[in-house]
There are 2 protein chains.
Amino acid sequence: MMELTRKGEYAIRGMIYLARQAPGKMALISEIAEATEVPQTFLAKIFQNFAKLGLVNSYRGTGGGFMLGRAASRITLREVVEAVEGPIIPNRCLMGNGACDFDRQCNVHPVWRRVQSQVVQILESVTIEELAR
Amino acid sequence: MMELTRKGEYAIRGMIYLARQAPGKMALISEIAEATEVPQTFLAKIFQNFAKLGLVNSYRGTGGGFMLGRAASRITLREVVEAVEGPIIPNRCLMGNGACDFDRQCNVHPVWRRVQSQVVQILESVTIEELAR
DNA sequence: CACCTTTAGGACCTGTTTTGTCTTTTATAT
DNA sequence: ATATAAAAGACAAAACAGGTCCTAAAGGTG
């Protein structure tokens, strides 16, 4: 249960790699992929999306590449994980789409809420900068 | 991320239903399935497995059915969840099959450990009896 | 014993998600 | 112009989720 997908794992590795670059230095996707042992085209997809979200900045053409969108100390693990995996939701009924009317009736509900809040809290408390050290 | 599957959800519902039965009273799979709104054959599979694990007792033939394998107060939510979903493992590298040699090198590793232990702790602290009240 | 009831076990199936690949396009620097 | 890199989109194999269906086996009952 609750397994991070490869995509998530890859994303974290890539971001840590970027965090370890000298400030302002660009890294090619080919370089990142090789260093982190991630399939290049797959990582490219992940980073394309991250660029849209502002988690990384991307530049095309000669001398282009990727760098972090902001200081590694201001990017949390939670942000990275949720960017690839979607929100942290231990049970469908927490999705808040009204699918679950058990909010008041069901005793399991608050347990999932606790799980959710604990996990979010842990991931939120860790920054990419810490992971890159 | 970390979503419980339907199977897990169904299993919990079924166990709670059993916990609400009068002590020693047998419940038919057809009855449980209907009451909990779970596809009968699917629930049957889940409970077959639970019978092997001792989480429920099953009896065939007329007057047969299912009942809890022990007091509801001695069955934790963790046990039920892990019985259907497998161990709670936020990242593959925690599986301990030697697949991950990052144990000492990787900074993310201890974060996943913390997540794992927190979630396990929460689910462990809740019994089916509490959920059935 | 014959028969009915109820779970056990196994085979099978369908749709979705994961984990990618491949090709073409667009932007940029030289 | 040309070379370089990321962007975008189509495609696909494999695994997983979420079931169904059929037969077998066990246990009561008349």
Side-chain angles (χ1 to χ4, degrees), chain A residues 1-14 17-18 21 25-34 36-69 81 83-87 89 91-92, chain B residues 1-14 17-18 21 25-34 36-69 81 83-86 89 91-92 95:
Chain A
M1 191 209 176
M2 324 210 333
E3 229 161 296
L4 192 72
T5 65
R6 304 238 176 221
K7 204 164 144 191
E9 169 73 22
Y10 294 164
I12 295 168
R13 284 196 222 165
Y17 183 87
L18 284 188
Q21 297 309 107
K25 209 210 143 204
M26 216 71 84
L28 296 183
I29 195 73
S30 54
E31 170 196 341
I32 309 169
E34 189 179 16
T36 57
E37 296 178 64
V38 172
Q40 182 177 329
T41 56
F42 198 28
L43 186 64
K45 293 292 182 199
I46 297 169
F47 271 31
Q48 269 169 41
N49 187 46
F50 278 13
K52 281 184 197 159
L53 298 171
L55 279 172
V56 301
N57 292 328
S58 68
Y59 304 88
R60 305 199 219 191
T62 313
F66 290 90
M67 53 188 292
L68 290 184
V81 168
V84 271
E85 309 272 7
I89 288 176
N91 196 347
R92 289 161 155 81
Chain B
M1 190 205 177
M2 324 210 334
E3 229 161 294
L4 192 73
T5 64
R6 306 240 173 217
K7 205 164 143 190
E9 169 73 22
Y10 294 165
I12 296 168
R13 284 195 221 166
Y17 184 86
L18 285 188
Q21 297 310 105
K25 208 211 141 201
M26 216 72 83
L28 296 183
I29 195 73
S30 54
E31 169 196 343
I32 309 170
E34 189 180 15
T36 57
E37 295 178 69
V38 171
Q40 182 177 328
T41 56
F42 199 29
L43 186 64
K45 293 293 182 197
I46 297 169
F47 270 32
Q48 268 169 40
N49 187 46
F50 278 13
K52 282 185 198 158
L53 298 172
L55 280 173
V56 301
N57 292 328
S58 68
Y59 305 89
R60 304 199 221 190
T62 312
F66 291 91
M67 50 186 295
L68 289 183
V81 168
V84 272
E85 309 271 7
I89 288 176
N91 196 347
R92 289 163 153 81
M95 285 192 297

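The chains referred to below are lettered A, B, ... by the order of the sequence lines, with proteins before strands, and numbering in each begins at 1. Hydrogens, waters and symmetry mates play no part in the numbers below; they use all other heavy atoms, side chains included.
Atom CD in B:Gln40 sits about 12 Å away from atom P in D:dC21, given to the nearest Å. Separating the CD atom of A:Glu85 from the P atom of C:dT17 is a distance of 14 Å, rounded to the nearest angstrom. Atoms CD (A:Glu34) and P (D:dA5) sit 14 Å apart, rounded to a whole Å. C:dT6 atom P lies 17 Å from atom CE of B:Met67, rounded to whole Å. What separates CD of A:Gln48 from P of C:dT26 is a distance of 14 Å, to the nearest Å. In this entry the distance linking CD1 of B:Ile29 with P of D:dG27 reads 18 Å, nearest Å.
Looking at heavy-atom distances under 4.0 Å, A:Lys7 makes contact with sugar-phosphate atoms alone, never a base. Heavy atoms of B:Thr5 sit under 4.0 angstrom from primed sugar atoms or phosphate atoms, though from no base atom.
Between A:Lys52 and A:Gly61, the residue anchored closer to the 5' end of DNA chain D is A:Gly61, taking for each the nucleotide with the nearest heavy atom. Nearest-nucleotide mapping onto DNA chain C: of A:Tyr59 and A:Lys45, the residue sitting toward the 5' end is A:Lys45.
Taking only side-chain atoms of B:Thr62, from C-beta outward, the nucleotide of C:dT21, C:dC4, D:dC21 with the closest atom is C:dC4. Listed nucleotides C:dT5, D:dA6, C:dG20 differ in distance to A:Arg6; the shortest reach to its side chain belongs to C:dG20. With distances taken from any side-chain atom of A:Phe66 to the nucleotides D:dA8, C:dT7, D:dA6, the minimum falls on D:dA6. With distances taken from any side-chain atom of B:Phe42 to the nucleotides C:dG20, D:dA7, D:dG19, the minimum falls on D:dG19.
A close approach under 4.0 Å does occur between a side-chain nitrogen or oxygen of B:Tyr10 and OP1 or OP2 of D:dG19. OP1 and OP2 of C:dT6 both lie 4.0 Å or more from every side-chain N or O belonging to B:Ser30. The side chain of A:Ser58 contributes no N or O atom lying less than 4.0 Å from OP1 or OP2 of D:dA5.
At a cut-off of 3.5 angstrom, counting only N and O atoms as typed in the model, there is no donor on one side facing an acceptor on the other between the side-chain of A:Arg60 and the base of C:dA29.
Between the side chain of A:Glu85 and the backbone N or O of A:Thr5, at least one donor-acceptor pair lies under 3.5 Å.
Closest non-hydrogen pair, A:Met67 versus A:Lys25, comes out as CB-O, 4.0 Å.
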